[in-house]
Amino acid sequence: MKRFHSLKKNSEFQAVYRTGKSYANKYLVMYVLDTDKQGNRIGISASKKFGNSVERHRFARLVRESFRLNEDILEDGKDIVVVARTAAKDKSFDKIESAFLHLCGLHNILKESK
RNA sequence: UGAGUAAGACAGGUGAUCGCUGCUGCAUGGCCGAAAGGGUGCAGGAGAGGAAAGUCCGGGCUUCACAGGGCAGGGUGCCAGAUAACGUCUGGCGGAGGUGACUCCAGGGACAGUGCAACAGAAAUAAACCGCCUGACUCGUCAGGUAAGGGUGGAAAGGCAGUGUAAGAGACUACCGCCUCGCUGGUAACAGAGAGGGCACAUGUAAACCCCACUCGAAGCAAGACCGAACAGGGAGCAUAAGGCGGCCCGUCUGCUUCCGGGUAGGUCGCUUGAGCUGUCUGGUGACAGGCAGACUAGAUAGAUGAUCAUCCACGACAUAACCCGGCUUAUCGUUUUGCUCAGAAU
């Protein structure tokens, strides 16, 4: 299996926003939708309000890295959308990663939590 | 040495582990495919900027339009050159600033016409408020002359000095400025000296309309080209077994096969070898042009450069390619090189 799967279409994002459940903390907002398909998919969103191109790319990389390193402890068959909040700007990797795992815990999609 | 001025260079480095996107090689009777190949795995090597930014100009490229001419509209605006082209660049000219190196200038036309010029001021394109002078008389008023002086303003009928005069005024004179004429130098912008005018309808504004000269077709890589599930459409054949429109036949619609053509999702190309880069030589004051040699240096398509650790130091600013080039503008922690100028010291 190559890389990891990501959400691409606007319609896929809209489906998660409308029908998925959401939790938020200081840095991130996370939407999760059950798909019953194999593999998890992630979509990352940072609006222009968040910052310029460099800052938005930086945020996306940190979230992608958090997802990649922790994918094996996540349950299967989820569409996840992560939205940036402005407080996440200029934050280090471990802050973003802990925020990501915190939200995964709230969504109850960690394998250990069962 | 200090202060300044101009032109450049660099844009955290090194090592380790995990991860991402192309490329090359090898492997893979195992996953897909008839095959080519794809996929997967391993290895090697490559992988953002000086502004990649703003999208303000110009060009290539692509599609559309196009006999020729004119109008409208846009752009440019001292001269010569460079260039594929430009609103860019180079060298001059003129003006402004600086002791200087040097810097800055949207720098055609205001006797073609129209418009506008707040406030202040007596008056703003038209002039007598104060003042000055002359005359008259009822003795502080009237009539007339006057733009030298006062005050207002960005701008008040060329400036300054003198002659002159009742007081004044280019009324006259010298110098400077302006205008006209030819002469000399220069490709030209322009400069120089000379002669004449006697200063006029008299100010400013053309990033106000406008006039003059030159110039411009439109839209953009989500351009566009090709392949092409699905799904509308048409032709041919088959079945005519069944059903609908008919009481029945013909006909027609529904069905299946096949072909044609349009074309959505999706895919492939466009997509990186180029008006390019590096070095060097020649021509040119220079922008630049030409010759020779060398290297190949991102090509993603929801969009690849990240994470962790160690270590060094100046403790790392601004900011992420999206078809490609030439410029402009704006942002930027700092480090550093070279030329030149001024001041001081020493020889």
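Reminder, nothing fancy here: chain letters follow the sequence lines and each chain counts from 1.
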Checklist entry - A:R64 has a side chain; which of B:rA319, B:rA304, B:rA307 sits nearest to it? => result B:rA304
Item to check | Counterpart residues, salt bridge (Lys or Arg N to Asp or Glu O under 4.0 Å), relative to A:E97 (two or more places apart) | outcome: none
Checklist outcome for this item: Regarding B:rA48, purine or pyrimidine glycosidic angle vs 90° from 0 gives syn
Next on the checklist: Strictly by Watson-Crick or wobble contacts shorter than 3.5 Å, is anything paired with B:rA193, and which nucleotide is it?
Outcome noted: none
Checklist entry - Considering Watson-Crick and G-U wobble pairs with both distances under 3.5 Å, what does B:rU282 pair with? => result B:rA289
For nucleotides 299-301 of chain B, print each protein N/O atom paired with a nucleotide N/O atom at under 3.5 Å, atom names and distance only.
none

Checklist entry - Is any side-chain heavy atom of A:F67 less than 4.5 Å from a side-chain heavy atom of A:I80? => result yes
Item to check | Rounded distance in Å between the P positions of B:rU90 and B:rC102 | outcome: 15 Å
Checklist outcome for this item: Glycosidic torsion of B:rG246 (syn if within 90° of 0, anti otherwise) classifies it as syn
Next on the checklist: Syn or anti for B:rG22, given that syn means the glycosidic angle lies within 90° of 0?
Outcome noted: syn
Checklist outcome for this item: note: A:R56, atom CZ; B:rG303, atom C1'; distance rounded to Å ~ 13 Å
Item to check | Separation of A:T86 OG1 from A:K26 NZ (nearest 0.5 Å) | outcome: 10.5 Å
Checklist entry - When the distance from CD1 of A:I96 to P of B:rG306 is rounded to whole Å, what number comes out? => result 16 Å
Next on the checklist: Do A:L28 and A:F59 make a side-chain contact, defined as non-hydrogen atoms from C-beta onward lying under 4.5 Å apart?
Outcome noted: yes
Checklist outcome for this item: Between CD of A:E65 and P of B:rA304 the distance, given in whole Å, is 14 Å
Checklist outcome for this item: Here the pair of heavy atoms bringing A:N25 nearest to A:R85 is O-NH1, 3.0 Å
Next on the checklist: Which nucleotide, if any, forms a Watson-Crick or G-U wobble pair with B:rC210, using both distances under 3.5 Å?
Outcome noted: B:rG109
Checklist entry - Which is true for A:L62 with a 4.0 Å heavy-atom rule: it touches a base, it touches only sugar-phosphate, or it touches nothing? => result sugar-phosphate
Checklist entry - Does the B:rU305 base have a donor-acceptor partner in the side chain of A:R58 within less than 3.5 Å? => result no
Item to check | Heavy-atom side-chain proximity of A:Y17 to A:V83 below 4.5 angstrom | outcome: yes
Next on the checklist: Strictly by ring-ring contact (aromatic ring centres under 6.0 Å, His included), give each pair with a member in residues 79-108 of chain A just once, sequence neighbours left out.
Outcome noted: A:Y23-A:H107
Item to check | Atom pair OG (A:S22) and CG (A:L103), whose distance is rounded to the nearest 0.5 Å | outcome: 10.0 Å
Item to check | Minimum-distance nucleotide (side-chain atoms of A:H57 versus B:rA304, B:rA319, B:rG306) | outcome: B:rA304
Next on the checklist: For the P atoms, the ones on B:rA120 and on B:rC214, what distance do you get once it is rounded to whole angstrom?
Outcome noted: 49 Å
Item to check | Complement of B:rG2, any strand, by Watson-Crick or G-U distances under 3.5 angstrom | outcome: B:rC342
Checklist entry - Do any side-chain nitrogens or oxygens of A:R61 fall under 4.0 Å of OP1 or OP2 in B:rU305? => result yes
Next on the checklist: Just the rounded figure in Å: distance from C1' of B:rA307 to CZ of A:F67.
Outcome noted: 16 Å
Checklist entry - According to the Watson-Crick and G-U wobble definitions, with both distances under 3.5 Å, which nucleotide is paired to B:rU83? => result none
Next on the checklist: Work out how far the P atom of B:rA51 is from that of B:rC89, and round it to whole angstrom.
Outcome noted: 14 Å
Checklist entry - Roughly how many Å is it from CD1 in A:I44 to C1' in B:rC20, rounded to a whole number? => result 13 Å
Checklist entry - Side chain of A:F93: nearest nucleotide among B:rA307, B:rU320, B:rG303? => result B:rA307
Next on the checklist: Checking understanding here: a glycosidic angle within 90° of 0 is syn, the rest anti, so what is B:rU311?
Outcome noted: anti
Next on the checklist: Distance check needed: B:rA307 C1' versus A:E97 CD, whole Å only.
Outcome noted: 9 Å
Checklist outcome for this item: Regarding B:rG77, purine or pyrimidine glycosidic angle vs 90° from 0 gives anti
Checklist entry - If you measure from CZ on A:R61 to CD on A:E65, what distance do you get to the nearest 0.5 Å? => result 11.0 Å
Checklist entry - Considering every strand shown, what is the Watson-Crick or G-U wobble mate of B:rA126 when both distances are under 3.5 Å? => result none
Item to check | Nucleotide paired to B:rA219 in any strand shown, Watson-Crick or G-U, under 3.5 Å | outcome: B:rU62
Checklist entry - Is B:rG41 paired to anything, Watson-Crick or G-U wobble with both distances less than 3.5 Å, and if yes, which nucleotide? => result B:rC26
Next on the checklist: I'd like the P distance from B:rG270 over to B:rC323, given in whole Å.
Outcome noted: 14 Å
